[in-house]
Visitor: 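Before I ask anything, here is the structure I am working with.
We number each residue from 1, following the sequence as shown. All values derive from a computational prediction rather than experimental measurement.
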Amino acid sequence: MVAMLRECALAHKTVMFILDEFDLFAQGKQRLLYNLLDAMQSVLSQAAVVGISCRLDADQLLEKRVRSRFSHRKLLFSPPSVEHLQRLVEHALLLPSDSSFPHGAYAAKFNARLVDITENKDFKEILNNVVNVDLSVRRILDFIFRAVCDINQESGLLSLGNFRTAFSSIQRQPKMETLRDASVLELYLLVSMKRLEGKEYESYNFNAVMKEYEDLHAAHPTCDLFSRQICLRAFEHLLERQLISFADTRGQNIAIGFRPVKLLISSHELHDGLRTSPVCPVVLRQWFDHEKFK
């Protein structure tokens, strides 16, 4: 790679390395990042590394030796609003109304039907659910593509049912299946973590989750109360099932109870998991609904 960068520099060519999901490269020993950034320290090097991540703290996951070679220049892009995404759907699907499109009557009918659908409150709810799962433009375009693939071939017009089917097909089913198989205690711990996120906790560990769980029992004595050791085993099981993960790779020698973790499921997924779980207590659903995490 060093030789390649040297040759590009002599030829006055610049190389761009684009690392999507940059935070994933910051896991483990980070040898790839270290070698890449170290190779760029050469005066002859004409290269740049661009990392893309949805995590604002991605650079804080870097080891000291990697961070010292990182420029720390950031560009923050705010996620689009639901209104912007609704306009994106219309922009992507509306047919040309001028003479460039040979079937003017069909285009007018198709566009009128599309506008009626996008203004419908049920469609906005579906779009909200899509956003809760994944806010990226790539996911929205995938959602649109799936809706068009389900279009009625006889009428050639979209319907609200096409978008419902599209949303069902893009939901992350493996996570939902794992949630449906979760034990009562695991559901309690997941809701406790979601409550901590609702209180704007940037990080939390098992001890904080345990305290939140105990607060639930104090407020609702009818709910189940398990011992700390059993809760810790359930917490470890959630890690194994990848419903939660450690927030960073540092502190691997620290006890699990003190390492910060993060949820890998959205509020909408957790809500659906509680609703479809055959073992979820009514009090837990009520507690979650009351906090308005949906």
Visitor: Any chance you could lay out the side-chain contact (heavy atoms from CB on, under 4.5 Å) test for Arg139 and Asp142, step after step, and finish with the verdict?
Guide: CA-CA 5 Å; Arg139 175 50 63 93; Asp142 182 38; 4.3 Å; yes
Visitor: Might you confirm whether atom CZ of Phe145 has over 12 heavy atoms from other residues, nucleotides or ligands at distances under 6.0 Å?
Guide: no
Visitor: Taking atom types as modelled, find out whether Thr165 and Asn162 have a side-chain donor-acceptor pair closer than 3.5 angstrom.
Guide: no
Visitor: Walk me through it: do Leu88 and His84 pass the test side-chain contact (heavy atoms from CB on, under 4.5 Å)?
Guide: CA-CA 6 Å; Leu88 173 62; His84 287 149; over 6 Å; no
Visitor: Determine whether more than 12 heavy atoms belonging to other residues, nucleotides or ligands lie under 6.0 Å from atom CD of Glu214.
Guide: yes
Visitor: Provide the full list of ring-ring contact (aromatic ring centres under 6.0 Å, His included) pairs with a residue in residues 5-25, sequence neighbours left out, each pair given once.
Guide: none
Visitor: Applying side-chain contact (heavy atoms from CB on, under 4.5 Å), run through Glu21 and Ser53 and close with a yes or a no.
Guide: CA-CA 5 Å; Glu21 297 192 69; Ser53 175; over 6 Å; no
Visitor: Please tell me if the side chains of His268 and Val130 come closer than 4.5 Å, counting only heavy atoms from C-beta onward.
Guide: no
Visitor: Check whether Phe206 forms a cation-pi arrangement with Arg259 (NZ or CZ under 6.0 Å from the six-membered ring centre, at most 45° off the ring normal).
Guide: no
Visitor: Taking the basic N atoms (NZ, or NE/NH1/NH2) and the acidic carboxylate oxygens, is any pair closer than 4.0 Å for Asp150 and Arg146?
Guide: no
Visitor: Is it the case that the side chains of Arg228 and Asn207 hold a donor-acceptor pair, with the cut-off being a distance below 3.5 Å and no angle test?
Guide: yes
Visitor: Salt bridge or not for Lys74 and Asp59, using N-O below 4.0 Å?
Guide: yes
Visitor: Hydrophobic clusters join Ile, Leu, Val, Met, Phe, Trp and Tyr when side-chain heavy atoms are under 4.5 Å apart, directly or via other members; which others share one with Leu75?
Guide: Phe77
Visitor: Taking the six-membered ring for Trp and the full ring for Phe, Tyr or His, determine whether the centres of Phe143 and Phe163 are under 6.0 Å apart.
Guide: yes
Visitor: Between Glu197 and Lys194, is there a side-chain N and carboxylate O pair less than 4.0 Å apart?
Guide: yes
Visitor: For Phe246 and Leu239, run side-chain contact (heavy atoms from CB on, under 4.5 Å): C-alpha distance rounded to whole Å, both residues' side-chain angles, the deciding distance at 0.1 Å, then the answer.
Guide: CA-CA 8 Å; Phe246 293 116; Leu239 285 166; 3.7 Å; yes
Visitor: I'd like to know if Lys199 pairs up with Glu212 as an ion pair, taking the criterion as any Lys NZ or Arg NE/NH1/NH2 lying under 4.0 Å from an Asp or Glu carboxylate oxygen.
Guide: yes
Visitor: Can you name the one residue among Phe235, Phe226, Tyr213 that meets ring-ring contact (aromatic ring centres under 6.0 Å, His included) with Tyr188?
Guide: Tyr213
Visitor: At what distance, to the nearest 0.5 angstrom, does CG of Leu179 lie from CD1 of Ile265?
Guide: 4.5 Å
Visitor: Ion pair present between Arg275 and Asp272, side-chain N to carboxylate O less than 4.0 angstrom?
Guide: yes
Visitor: Can you spot which of Asn205, Leu263, Val209 makes a side-chain contact (heavy atoms from CB on, under 4.5 Å) with Leu196?
Guide: Val209
